[in-house]
**Q** 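I have a structure I would like to understand better, so I am pasting it below and will then ask my questions one at a time.
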Amino acid sequence: KAFLKTDAVLAELQTKYGAEPMQFICVTEQEVTTQECVQTYLFNSQLLSLPDGTQALIAPIECAENQAVKARVDAMCADSANTVNSAHFLDVRESMRNGGGPACLRLRVAVNEAELNALHQRILLTDSLHATLVGWVERHYRDRLTIDDLADPKLAEETYAALDELTAILDLGSVYPFQLG
């Protein structure tokens with residue numbers, strides 16, 4: 001249902017893409033209803049290219065919990081006509097409840113080596129940075145917030161201190177308004 005004339009659109013995409021064949025994976029309404037796609041966030045999944053030339057689907061856990069969606073994902077992974085041969089399901093409910101949603105699975109920016117080298121290196125996730133960020137979260141994230149906390153000016157001070165520390169960890173300099181003034 002993504003395109004009015006699906007076959008024509010896919011043919012045009014292939015023509016504009018060039019000689020290398022594109023891989024289209026279609027999900028029909030008979031396989032998975034629109035309502036199931038919305039409920040499971042199926043199309044908010046992410047495809048990752050693996051070193052061996054295959055791809056893995058990273059999807060919200062709701063996809064594994066829905067029988068029709070799981071069956072379609074399994075069929076896709078078993079289909080030798082495409083390069084997607086594995087699926088991994090992540091519980092991103094907390095992210096969704098906090099407004100991040102499953103789109104957090106989708107951020108993928110392809111860069112060449114020169115572009116990678118031009119990036120601010122401290123934002124690239126390494127084992128060391130991961131450990132530092134985990135420590136930062138453990139120091140600054142509260143496990144609960146009350147109404148009284150929201151009225152307490154100390155919460156703002158804690159938040160500013162945490163953000164100050166985070167920008168220092170990532171070597172970003174002053175990026176928040178409270179840091180600039």
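Not measured: the values here are computed from a predicted model. Residue numbers count from 1 along this sequence. The analysis underlying the following values was restricted to heavy atoms, covering all of them including side chains, and did not include hydrogens, waters or symmetry mates.
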**Q** Are the side chain of His120 and the backbone N or O of Leu170 linked by a donor-acceptor pair below 3.5 Å?
**A** yes
**Q** Is there a side-chain contact between Leu145 and Leu155 (heavy atoms, below 4.5 Å)?
**A** yes
**Q** Are the side chains of Leu124 and Leu129 in touch, meaning some heavy atoms are under 4.5 Å apart?
**A**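 They are not in contact (no side-chain heavy atoms under 4.5 Å apart), so the answer is no.
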**Q** Within the side chain of Glu36, is there an N or O that forms a donor-acceptor pair under 3.5 Å with the backbone of Thr33?
**A** yes
**Q** Tell me, do Val84 and Val73 make a side-chain contact under 4.5 Å, heavy atoms counted?
**A**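 No, their side chains stay 4.5 Å or more apart.
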**Q** If you draw a 6.0 Å radius around CD in Gln35, do more than 12 non-hydrogen atoms from other residues or ligands fall strictly inside?
**A** no
**Q** Do you know the tightest heavy-atom contact between Pro60 and Phe89?
**A** O-CD2, 3.8 Å
**Q** Starting from Leu166, can I reach Leu125 by hopping between I/L/V/M/F/W/Y residues whose side chains sit under 4.5 Å apart?
**A**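 Same hydrophobic cluster.
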**Q** Is there a continuous path of hydrophobic side-chain contacts, each under 4.5 Å between heavy atoms, that joins Ile25 to Phe43?
**A**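 Per the 4.5 Å side-chain linkage, Ile25 and Phe43 are co-clustered.
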**Q** Between Pro153 and Ala151, which heavy-atom pair has the shortest distance, and what is it?
**A** CD-O, 3.4 Å
**Q** After noting the C-alpha distance and the side-chain angles of Ile123 and Leu172, does the key distance pass the side-chain contact (heavy atoms from CB on, under 4.5 Å) rule?
**A** CA-CA 9 Å; Ile123 65 166; Leu172 296 176; 4.0 Å; yes
**Q** Look at the side-chain heavy atoms of Ile, Leu, Val, Met, Phe, Trp and Tyr, link any pair under 4.5 Å apart, and say whether Val38 and Tyr41 land in one connected group.
**A** no
**Q** Could you measure the distance from the SG atom of Cys37 to the CD atom of Glu62? Nearest 0.5 Å is fine.
**A** 13.0 Å
**Q** Take Glu138 and Tyr141 through the test side-chain contact (heavy atoms from CB on, under 4.5 Å) and record every step on the way to the result.
**A** CA-CA 6 Å; Glu138 289 171 351; Tyr141 269 56; over 6 Å; no
**Q** Is it the case that the side chain of Gln121 and the backbone of Leu119 share a donor-acceptor pair, with hydrogens and angles ignored and the cut-off at 3.5 Å?
**A**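 Indeed, once roles are kept as given, a pair shorter than 3.5 Å links the two residues.
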**Q** Check the hydrophobic clustering (I, L, V, M, F, W, Y; side-chain heavy atoms under 4.5 Å; chains of links allowed) and say if Phe3 and Tyr17 are grouped together.
**A** yes
**Q** Looking only at heavy atoms, what is the nearest atom pair of Leu180 and Ser174, with distance?
**A**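 Closest pair (atom of Leu180, atom of Ser174, distance): CD2-O, 3.5 Å.
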**Q** Show your reasoning for whether side-chain hydrogen bond (donor to acceptor under 3.5 Å, both in side chains) applies to Gln55 and Asn85.
**A** CA-CA 6 Å; Gln55 294 181 317; Asn85 64 7; over 6 Å; no
**Q** Please report the interatomic distance CD(Glu157) to CG(Asp152), rounded to the nearest 0.5 Å.
**A** 8.0 Å
**Q** Is there a donor-acceptor pair under 3.5 Å between the side chain of Gln23 and the backbone N or O of Asn82?
**A** no
**Q** So, Arg122 side chain and Ile169 main chain: donor-acceptor pair closer than 3.5 Å or not?
**A** yes
**Q** For Asp164 and Ala161, indicate whether the former's side chain and the latter's backbone hold a donor-acceptor pair under 3.5 Å.
**A** no
**Q** Could you grab the distance from atom OG1 of Thr54 to atom CG of Leu47, nearest 0.5 Å is fine?
**A**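 It is 11.0 Å, given to the nearest 0.5 Å.
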**Q** Is the CG atom of Asn112 crowded by more than 12 outside heavy atoms at less than 6.0 Å?
**A** yes
**Q** Going from NE2 on His88 to CG on Leu48, what distance comes out if it is rounded to the nearest 0.5 angstrom?
**A**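 So the NE2 of His88 and the CG of Leu48 are separated by 8.0 Å.
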**Q** Do the side chain of Trp136 and the main chain of Ala162 share a donor and acceptor less than 3.5 angstrom apart?
**A** yes
**Q** For Thr40, does its backbone N or O pair with a side-chain atom of Asn66 as donor and acceptor, under 3.5 Å?
**A** no
**Q** If you apply the rule side-chain hydrogen bond (donor to acceptor under 3.5 Å, both in side chains), what do you find for His140 with Glu158, and how did you get there?
**A** CA-CA 8 Å; His140 295 289; Glu158 286 177 28; over 6 Å; no
**Q** Could you check whether Arg142 pairs with Asp149 (Lys NZ or Arg NE/NH1/NH2 to Asp/Glu carboxylate O, under 4.0 Å)?
**A**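 Salt bridge between Arg142 and Asp149, a charged N being under 4.0 Å from a carboxylate O: yes.
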**Q** Give a yes or no on this: more than 12 heavy atoms of other residues, nucleotides or ligands lie within 6.0 Å of atom CG of Asp52.
**A** yes
**Q** Are the side chain of Thr132 and the backbone N or O of Ser128 linked by a donor-acceptor pair below 3.5 Å?
**A**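 Yes; judged by distance alone, with no hydrogens or angles, the pair exists.
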**Q** Does Gln46 use its side chain to pair, donor to acceptor, with the backbone of Leu57 at less than 3.5 Å?
**A** no
**Q** Quick one: do Val69 and Gln39 satisfy side-chain contact (heavy atoms from CB on, under 4.5 Å)? Show the steps, please.
**A** CA-CA 10 Å; Val69 174; Gln39 289 172 339; over 6 Å; no
**Q** When you look at Asp148 and Thr146, which way does the side-chain hydrogen bond (donor to acceptor under 3.5 Å, both in side chains) test go after all the steps?
**A** CA-CA 5 Å; Asp148 291 339; Thr146 67; 5.0 Å; no
**Q** Write down the atom of Glu31, the atom of Cys26, and the distance for their closest heavy-atom approach.
**A**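 Minimum heavy-atom contact is OE1-O, 3.8 Å.
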**Q** With a cut-off of 6.0 Å (strictly less than), are more than 12 heavy atoms of other residues, nucleotides or ligands near CD of Glu29?
**A** yes
